[in-house]
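The structure appears below as structure tokens.
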Amino acid sequence: MAGIAGGAVSASGMRRLPLLWTLGILMTTAASCGGDKTEPQTPPPPPPAPTVAVEQVRSFPHDTASFTQGLVWQGGNLYESTGRYGKSTVRQVELETGAVIRSTPLAPQYFAEGLALVGDSLLQLTWREGVMFVYDRATLRPARQIGYQGEGWGLTTDGRSLIVSDGSSYLTFLDARTMNPQRTVQVMDAGQGVADLNELEWVKGEVWANVWHTNRIARIDPQTGQVKGWLDLASIVPPVTDPEGVLNGIAYDPATNRLLVTGKLWPKIFEIRIPSLGIGQ
């Protein structure tokens, strides 16, 4: 799928053909003179990143009509972006009860996606509409709009940059003030690109990403794009009849080391613990 900041550029081109042809002649000559005939060996890909299970700490009610696309926890407040045309919102939710404290609907032509908090503003992507909505966090009133190209899926921030997924295997880093593209990394595991990157969260210096239509979360090195590990959440996935009711939603609170996860149309939000990573109360 198209990236917000554009795709990768091929490193090959017609200008390289004469060089390769010349090298071929030199290799042939060396072989005829009794040189080393050993073909260069391609190094094997690295092994897949390890997978760990998670432990459920507790659960909280969740609106089963909420098609969760983004989740943010900050200062005891839970914010959620919900999707689908004609049903998209940004909302503040009371975690303990699942009650919606306040909600702002999007116009029916918009399909809401990822959500991030920058200062006192909530930023919300849209899927194919090329519009990022900016809201006042305290009131959820729309403040302005920012245009972009390509699809919007997941959104998070490391405190300096916005990090965006577009459903491909690439993450794009944008300047949080100017929205100018900074760099793009491809997410890789065992030598293969990891596509369908969806909801994102910044956790202890890593980008965590839901992988669409799976029960796994990838832990990604933000500098290299390499997957450092996988979280297996199959043990907490509730039965949901809608085939699109999949795992999607990660919220981490560094102040309390608390991690929340949910899914589209799920009846619960789960607080989880990952002892091997030192995450969870």
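For reference, positions follow the sequence shown, starting with 1. Because only heavy atoms are used, hydrogens play no part in the values below, and waters and symmetry mates are left out as well, while side chains stay in.
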Specify the closest pair of heavy atoms between [X] and [Y], including all atoms of both residues, with the distance to one decimal.
X	Y	answer
S88	A112	OG-N, 2.9 Å
I220	L197	CD1-CD2, 4.5 Å
F173	S161	CD2-CB, 4.2 Å
L155	L123	CD2-O, 3.5 Å
W266	G245	NE1-O, 3.1 Å
T68	N248	O-ND2, 3.0 Å

Legend entry - Heavy atoms from other residues, nucleotides or ligands near CD of Q192 exceed 12 (cutoff 6.0 Å):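 No - once you tally the heavy atoms of other residues, nucleotides and ligands closer than 6.0 Å, there are 12 at most.
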Legend entry - Within 6.0 Å of CG in D120, more than 12 heavy atoms from elsewhere: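 At most 12 heavy atoms, drawn from other residues, nucleotides or ligands, come within 6.0 Å of this atom.
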Any side-chain to backbone donor/acceptor pair from [X] onto [Y]? Under 3.5 Å, distance only.
X	Y	answer
N210	G249	yes
T139	R141	yes
S165	Y170	no
E199	I250	yes
T156	W202	yes
D189	A49	yes

Spell out, yes or no, whether [X] and [Y] are grouped together once hydrophobic residues are joined by side-chain heavy atoms under 4.5 Å, including indirect joins.
X	Y	value
I163	V227	yes
L115	V131	yes
V246	V240	yes
I274	L247	yes
V164	M188	no

Legend entry - Connected-component partners of I101 among ILVMFWY, side-chain separation under 4.5 Å: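 Once heavy-atom contacts under 4.5 Å are chained together, I101 still belongs with nothing else.
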From [X] [atom1] over to [Y] [atom2], what is the distance, rounded to the nearest 0.5 angstrom?
X	Y	atom1	atom2	value
L231	I272	CG	CD1	6.5 Å
L122	Y135	CG	OH	9.0 Å
D166	T172	CG	OG1	6.0 Å
L200	I217	CG	CD1	11.0 Å
Q226	Q186	CD	CD	9.5 Å
L162	M179	CG	CE	5.0 Å

Inset, instruction - In sequence, state the C-alpha distance, the side-chain angles, and the governing distance for R84 and F111, and then conclude on side chain to side chain contact (heavy atoms under 4.5 Å, CB included). - result: CA-CA 5 Å; R84 287 188 163 168; F111 191 121; 4.2 Å; yes
Inset, instruction - Quick one: which residue pairs count as a ring-ring contact (aromatic ring centres under 6.0 Å, His included) with a foot in residues 40-74, not counting sequence neighbours? - result: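 Output for this query is empty, none listed.
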Using distance alone, with no hydrogens and no angle criterion, decide if [X] and [Y] have a side-chain donor and acceptor under 3.5 Å apart.
X	Y	value
W127	E129	no
Q69	S81	no
W153	D196	no
E80	S66	yes

Legend entry - Trace of the salt bridge (charged side-chain N to carboxylate O under 4.0 Å, His left out) decision for K204 with D253: CA-CA 10 Å; K204 289 191 171 184; D253 181 14; over 6 Å; no
Would you check if [X] and [Y] make a side-chain contact, meaning some heavy-atom pair closer than 4.5 Å?
X	Y	value
V207	L171	yes
Q223	R183	yes
T126	R128	no
V54	V261	no
E113	E151	no
E271	S59	no

Inset, instruction - Return the set of residues passing ring pair (Phe, Tyr, Trp, His ring centres under 6.0 Å) with F133 (not counting sequence neighbours), or none when no residue passes. - result: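 Scan of F133 (ring pair (Phe, Tyr, Trp, His ring centres under 6.0 Å), adjacent residues dropped) gives Y110.
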Inset, instruction - From the options I279, L260, L71, select the one residue that forms a side chain to side chain contact (heavy atoms under 4.5 Å, CB included) with Y252. - result: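 The side chain to side chain contact (heavy atoms under 4.5 Å, CB included) with Y252 is passed solely by I279 among I279, L260, L71.
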Inset, instruction - Can you sort out the partners of E244 under salt bridge (charged side-chain N to carboxylate O under 4.0 Å, His left out), two or more places apart, ordered by chain and number? - result: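 Salt bridge (charged side-chain N to carboxylate O under 4.0 Å, His left out) list for E244, sorted by chain: empty.
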Legend entry - side-chain hydrogen bond (donor to acceptor under 3.5 Å, both in side chains) contacts touching residues 90-101 (sequence neighbours left out):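 Qualifying pairs: D63-R91, N77-Q92, T89-R91, Q92-R102, E94-T97.
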Inset, instruction - Kindly write out the residues that satisfy side-chain hydrogen bond (donor to acceptor under 3.5 Å, both in side chains) with Q56, not counting sequence neighbours, or none if the list is empty. - result: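 Counting only residues at least two positions away or on another chain, Q56 forms no side-chain hydrogen bond (donor to acceptor under 3.5 Å, both in side chains).
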Inset, instruction - Determine, stepwise, if the pair T157 / L117 fulfils side chain to side chain contact (heavy atoms under 4.5 Å, CB included). - result: CA-CA 8 Å; T157 179; L117 179 66; over 6 Å; no
Inset, instruction - Kindly indicate, with the supporting measurements, whether the criterion side chain to side chain contact (heavy atoms under 4.5 Å, CB included) is fulfilled by L259 and F270. - result: CA-CA 8 Å; L259 184 66; F270 297 95; over 6 Å; no
